[in-house]
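By convention in this document, chain letters (A, B, ...) are assigned in the order of the sequence lines, proteins followed by strands, and residues within each chain are numbered from 1. Computation of the quantities below employed the complete heavy-atom set of this structure, encompassing side-chain atoms and omitting hydrogens, waters and symmetry-equivalent molecules.
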Amino acid sequence: MAKSIDVSDLDIYYGDFLAVQGVNMTIKARSVTAFIGPSGCGKSTVLRSLNRMHEVIPGARVEGKIMVDGQSLYDPSIDPVAVRRQIGMVFQRPNPFPTMSIYDNVLAGNRLNSKRMKKAEQDAIVEKSLRGANLWNEVKDRLNKPGMGLSGGQQQRLCIARAIAVEPQVLLMDEPCSALDPISTSAIEDLIHELKSEFTIVIVTHNMQQAARVSDDTGFFNLKAAGQPGQLVEMNATKKMFSNPDNEATEAYISGRFG
Amino acid sequence: MTTTEVTPTHASLPLTGPRLPQWAPALVGLLAVCAAGLLAMLLGWGIVAFAFLAALLFVVALPLWSVSVEGSRGAVDRLTTSLIWVAFAGAAIPLLWLIWTVLSKGLPAINAAFLTYDMRNVVGDDQGGIYHAIMGTLIITGIAALISVPIGLFCAIYLVEYGKGTRLARWITFLVDVMTGIPSIVAGLFALALFVLIFGPQIRFGFGGSVALSLLMIPVVVRSTEEMLRLVPDDLREASYALGVPKWRTITKVVLPTSLGGIITGVMLAVARVIGETAPLLVIAGKTDSVNLNPFSERMTTLPVYIYYSVTQPGTVPFDAPPGAEAPGIERAWGAALVLIVIVMALNLIARLVGRIFAVKKG
Amino acid sequence: MTTTHETEPEVSPPSQRGDRIFAGLAKSAGLVILAALAAVFIFLAVEGIPGVNQPAETYAPLSSFLPYVGRLLFGTVFAALIALVIAVPFALGIALFISHYAPRVLAAPVAYVVDLLAAVPSVVFGLWGARALAPQLVSVQAWLGEHLGFIPFFAGPASVTGKTVLTAGVVLAIMILPIITAISREIFAQTPRLHEEAALALGATRWEMIRYAVFPYARSGIVSAVMLGLGRALGETMAVALVLSASPVVTLNMISNTNPATIASNIASSFAEATPAKLSVLIATGLVLFAFTFAVNFAARAVVARSERKFSR
Ligand SMILES: Nc1ncnc2c1ncn2[C@@H]1O[C@H](COP(=O)(O)OP(=O)(O)OP(=O)(O)O)[C@@H](O)[C@H]1O
Ligand SMILES: [Mg+2]
């Protein structure tokens, strides 16, 4: 039951500062969409506005429309907390809860929402999520150890397990591999391929090859000019973007001829 | 140090300068102590004069030697270095002296009876005790903590999690600063003024003391908790929000547990600070010689107040006492001071231990 | 922790209700602080303002409020200044010792011991000052009176008990040492490493590095640390009350038998026998003390705030 997201005329502000302007796009259900672009052009900002994490920052606000499955995300009747339960997120740096064990970390989303579950049910969720994140075999014998004791790559997969344990519709990933070694990176890329069958995935990456490898569609963001807000320059099927993009700037960026 | 291989005559750049040998400060220090000691013995000076002279000799002699070998810049450096060492030693002396005095005078006063008797009907050098004062201290401080911790904790949560950047938060921050500077006796007078207005001029009771102590404790709790909450990385809050966890649960289940160790340490240090307060309790809790366990009626003595009254009304030295003996009140005051210091130090140590135990474990 | 009771069906709005309650709690805790501080002012004023205008004998040995509180204020400031003059050099020395001079194995224990010093209750300091320190200072003060008697501070005749305002100042100095040390130590430690290394790389000695890189950076921080120490010394009660047998006099003589009282020690020692009229006078002096320490603390914060602005950009 993964969902598609329609974004129209999205402007995103930090206080008075307009960070991103005029974004229009459609993110297809059960596919992987990659955001690429130079640093500071607003990829993270757009991503965070997709599950209303943006407004966590004081003074931050959004104008425009984001429709998920026919509902407007920024409608006053929408509970942002409920939105985030449906649209999960994985961050650039792994951030397991330091006071919790591996087991508790995976269940954190359920526990913190004080969902009451039987022990067997909990065990099942933990195993399913950890298997889903390709981590089960590595940690099944030390589920009660602190999550901080894992390696960086394992921690990141733990965070993915934590995010999928609440069974969201959409999974947002902000440079999930940027703090990881190539082996952990490829483990996570494999994982993204598998997760695609169940979730709608949006991933921000600075790694062109990664975008080409994992995504079905790619959006290229860029600043209009220095000191101007960021914008979505082009969004197309990844194959097309990497072989024959519509926009010159896209081609320049992808082929590395970018200023 | 790294220039041992360079022979200065041959090098185009002079990489070594004339330096005093490494043991020079130690030698000068030793000589200064010896010279001062000799003089002090010959002239029959006290220990204070001796220490002062030794320090002076050291501070003067080393730079003098240095100026003849190392030049003026080196000498100034030597001078300041020795001044700073002397400052350190000078400040260490009173602390050691104080601890030694309290230990040596307090220990003889302490025995089981001292800890379990009160002062009711105690005349002269009868066996008296501090049981009532210990209980008073525990009750009054305990209630003060019960009042201050929730208020301080929630206030810090407001400042860090909810009010960030708002005008109200800025005001509260400012006023917490003001509160930190309230002289403790003013806190006592406030409690007195408040309860005198309510209950009439004769009111003295333990709870009033707790209110006064809370006034002193709340800003400390707010400050330390605030600092601890700010140390929790925003990453964790966002991770929790991204799981669809409401803000208040994020705070209670993620932020507070992560900073628990530091918060507990801060609270215990705050308790340690107010447990030794005298002035406010003198004013509002009053003084009694008997055990009173009800904070809401009647006077209640605490250890510091007990010490104060024992010193100011020490009684007379019994006529059959050995020469040089002190008044019974003074002896009890030293005993109580030792007990108080032990409690405060224990709180300090426990605070740090607890902080370490609750600190986030890795691996 | 999670049991299998089938309670509270999952609906989304409760999250917001819980949030509202919790935020309300937090906010009201902040408001309690506002209210408490307002209450301090109001109740002290209500009980204290009548103290400004009492029958003349209440102010014995003086006859009206202003001279009465004026002399006490003089004593308060005088004792606090003595404490500052003694404490500041030592405190800065120790702070530098911890941040720049001490061998690494010594720095942390010393810092810890200084913190412990801060934890010693003031009444114990007072007891120690009156019973242990004062007798030791008798000969020192006699010497000062003999040889430096031409300076008004040491005019003498020196007290034979040692219980003088100088002794009280020394005790106060030891008490405010930790706070000044702690704050300046933090500030010294925050000096940008780059500045220090730049100075050292130019061939500065350690002291020159401190003079040219550390002090300019730390100046305002030191000022505020000193002011906070001053605030503490102004409000301290017990150390003075136990060491001094004081009377409201104005004198610069630090070593004689007649010593100026401070506001706080005067409250503590006259409180027990106070009539209601006298009590209101004492509360009024307390209000004056509060206002005065407030002004000092406020000035300290202002200095810090200004320098923070200067260094933030
Ligand atoms: N918390 C914030 N407050 C104010 N401005 C912000 C904040 N976070 C980001 N910005 C600004 O918004 C713009 C977009 O930032 P964003 O983090 O979305 O870029 P990005 O494309 O994710 O960059 P990177 O590839 O480096 O992660 C930048 O100009 C940045 O300075
Ligand atoms: Mg980013």
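Of the listed residues C/Leu37, C/Ile33, C/Thr293, C/Leu127, the one with more heavy-atom pairs under 4.5 angstrom with chain B than any other is C/Leu127. Contact count versus chain B (heavy atoms, under 4.5 Å) is highest, among C/Leu282, C/Leu242, C/Val170, C/Val32, for C/Leu242. Heavy-atom pairs under 4.5 Å with chain B were tallied for C/Glu236, C/His100, C/Arg131; the largest tally goes to C/Arg131. In terms of heavy-atom pairs under 4.5 angstrom with chain C, the leader among B/Leu79, B/Leu347, B/Ile330 is B/Ile330. Ranked by heavy-atom pairs under 4.5 Å with chain C, the first of B/Val311, B/Thr81, B/Val76, B/Ile151 is B/Thr81. Put simply, of B/Ile307, B/Thr180, B/Val102, B/Val186, the one with the most heavy-atom pairs under 4.5 Å next to chain C is B/Val186. Across B/Ile99, B/Leu192, B/Leu197, the residue that shares the most heavy-atom pairs under 4.5 angstrom with chain C is B/Leu197. Heavy-atom pairs under 4.5 Å with chain B peak, among C/Phe294, C/Phe271, C/Phe90, at C/Phe271. Options B/Ile275, B/Leu215, B/Val178 differ in how many heavy-atom pairs under 4.5 Å they form with chain C, and the most are formed by B/Val178.
With a 6.0 Å radius and a threshold of 12 heavy atoms from other residues, nucleotides or ligands, B/Arg352 has its CZ atom above the threshold. Surrounding NZ of C/Lys27 are at most 12 heavy atoms belonging to other residues, nucleotides or ligands under 6.0 Å away. Heavy-atom neighbours of C/Phe298 CZ from other residues, nucleotides or ligands within 6.0 Å: at or below the threshold of 12.
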Go through the steps for C/Phe43 and B/Phe195 under the test side-chain contact (heavy atoms from CB on, under 4.5 Å), then give the verdict.
CA-CA 10 Å; C/Phe43 284 102; B/Phe195 290 113; over 6 Å; no
Derivation and outcome, side-chain contact (heavy atoms from CB on, under 4.5 Å), residues C/Asn297 and B/Asp177:
CA-CA 8 Å; C/Asn297 281 318; B/Asp177 273 351; over 6 Å; no
Does C/Ile267 form a side-chain contact (heavy atoms from CB on, under 4.5 Å) with B/Leu189? I'd like the steps, not just the answer.
CA-CA 9 Å; C/Ile267 295 173; B/Leu189 287 180; 3.7 Å; yes
Please report the C-alpha distance between C/Trp128 and B/Trp97 in whole Å, then the side-chain angles of each, then the deciding distance to 0.1 Å, and finally whether the side-chain contact (heavy atoms from CB on, under 4.5 Å) criterion is met.
CA-CA 9 Å; C/Trp128 173 78; B/Trp97 184 3; 3.6 Å; yes
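In this structure, the portions of C/Ala39 lying under 4.5 Å from any heavy atom of chain B include both its backbone and its side chain. For C/Val114, no part lies under 4.5 angstrom from a heavy atom of chain B. Only the side chain of B/Thr252 has a heavy atom closer than 4.5 Å to any heavy atom of chain C. Only the side chain of C/Arg232 comes within contact range of chain B, with heavy atoms under 4.5 Å apart. Proximity to chain C (any heavy atom under 4.5 Å) is shown, for B/Val283, by both the backbone and the side chain. In this structure, the portion of B/Val196 lying under 4.5 Å from any heavy atom of chain C is its side chain and not its backbone. Heavy atoms closer than 4.5 Å to chain B are found in the side chain of C/Tyr112, but not in its backbone. Using a 4.5 Å cut-off between heavy atoms, C/Val296 makes no contact with chain B at all. With a threshold of 4.5 angstrom between heavy atoms, C/Ile86 does not approach chain B through any atom at all. Neither the backbone nor the side chain of B/Leu303 comes within less than 4.5 Å of any heavy atom in chain C. If you measure heavy-atom distances from B/Leu98 to chain C, the contacts under 4.5 Å come from both the backbone and the side chain. With a 4.5 Å cut-off on non-hydrogen atoms, B/Leu338 does not touch chain C at all. For a residue to count as touching a neighbouring chain, one of its non-hydrogen atoms must lie under 4.5 Å from one of that chain's; by this rule C/Thr181 does not touch chain B. Proximity to chain C is absent for every atom of B/Leu269, based on heavy atoms less than 4.5 angstrom apart. Neither the backbone nor the side chain of B/Leu159 comes within contact range of chain C; no heavy atom of the residue lies under 4.5 Å from a heavy atom of that chain. Heavy atoms of B/Leu168 lying under 4.5 Å from chain C belong exclusively to its side chain. Interface remark: C/Leu25 contributes backbone and side-chain atoms alike to the contact with chain B (heavy atom separation under 4.5 Å). The part of B/Asn348 that comes within reach of chain C is its side chain, from C-beta onward, which places non-hydrogen atoms under 4.5 angstrom from that chain. Of the two parts of B/Val222, only the side chain, counted from C-beta on, holds a non-hydrogen atom closer than 4.5 Å to a non-hydrogen atom of chain C.
B/Pro183 and C/Gly235 get closest at one heavy-atom pair: CB-CA, 3.7 Å. Nearest approach of C/Ala264 to B/Ile185, heavy atoms of both residues: O-CD1, 3.6 Å. Smallest separation of non-hydrogen atoms from C/Ile174 and B/Pro94: CD1-CB, 3.6 Å. A pairwise comparison of heavy atoms in B/Tyr308 and C/Met238 identifies CD1-SD, 3.5 Å as the closest pair. Across all their heavy atoms, B/Ile172 and C/Leu31 have their closest contact at CD1-N, 4.5 Å. Between C/Pro121 and B/Ile341, the shortest heavy-atom contact is CD-CG1, 4.4 Å.
Distance alone, capped at 3.5 Å, is enough to place a donor-acceptor pair between the C/Asp19 side chain and the B/Trp248 backbone.
Aromatic ring centroids of B/Trp85 and C/Phe97 lie under 6.0 Å apart.
Annotation: side chain of C/Trp207 is not in contact with side chain of B/Leu83 (no heavy-atom distance under 4.5 Å). Between C/Val123 and B/Glu277, every side-chain heavy-atom pair lies at or beyond the 4.5 Å cut-off. Counting heavy atoms from C-beta on, the side chains of C/Thr237 and B/Leu282 never come closer than 4.5 Å. Using a 4.5 Å cut-off on side-chain heavy atoms (C-beta onward), C/Val124 and B/Leu340 make contact.
For residues 77-104 of chain B, the set of pairs meeting the salt bridge (Lys or Arg N to Asp or Glu O under 4.0 Å) definition, not counting sequence neighbours, comprises B/Glu70-B/Arg78.
Taking the six-membered ring where tryptophan is involved, the planes of C/Phe22 and B/Tyr162 are tilted, since the angle between them lies from 30° to 60°.
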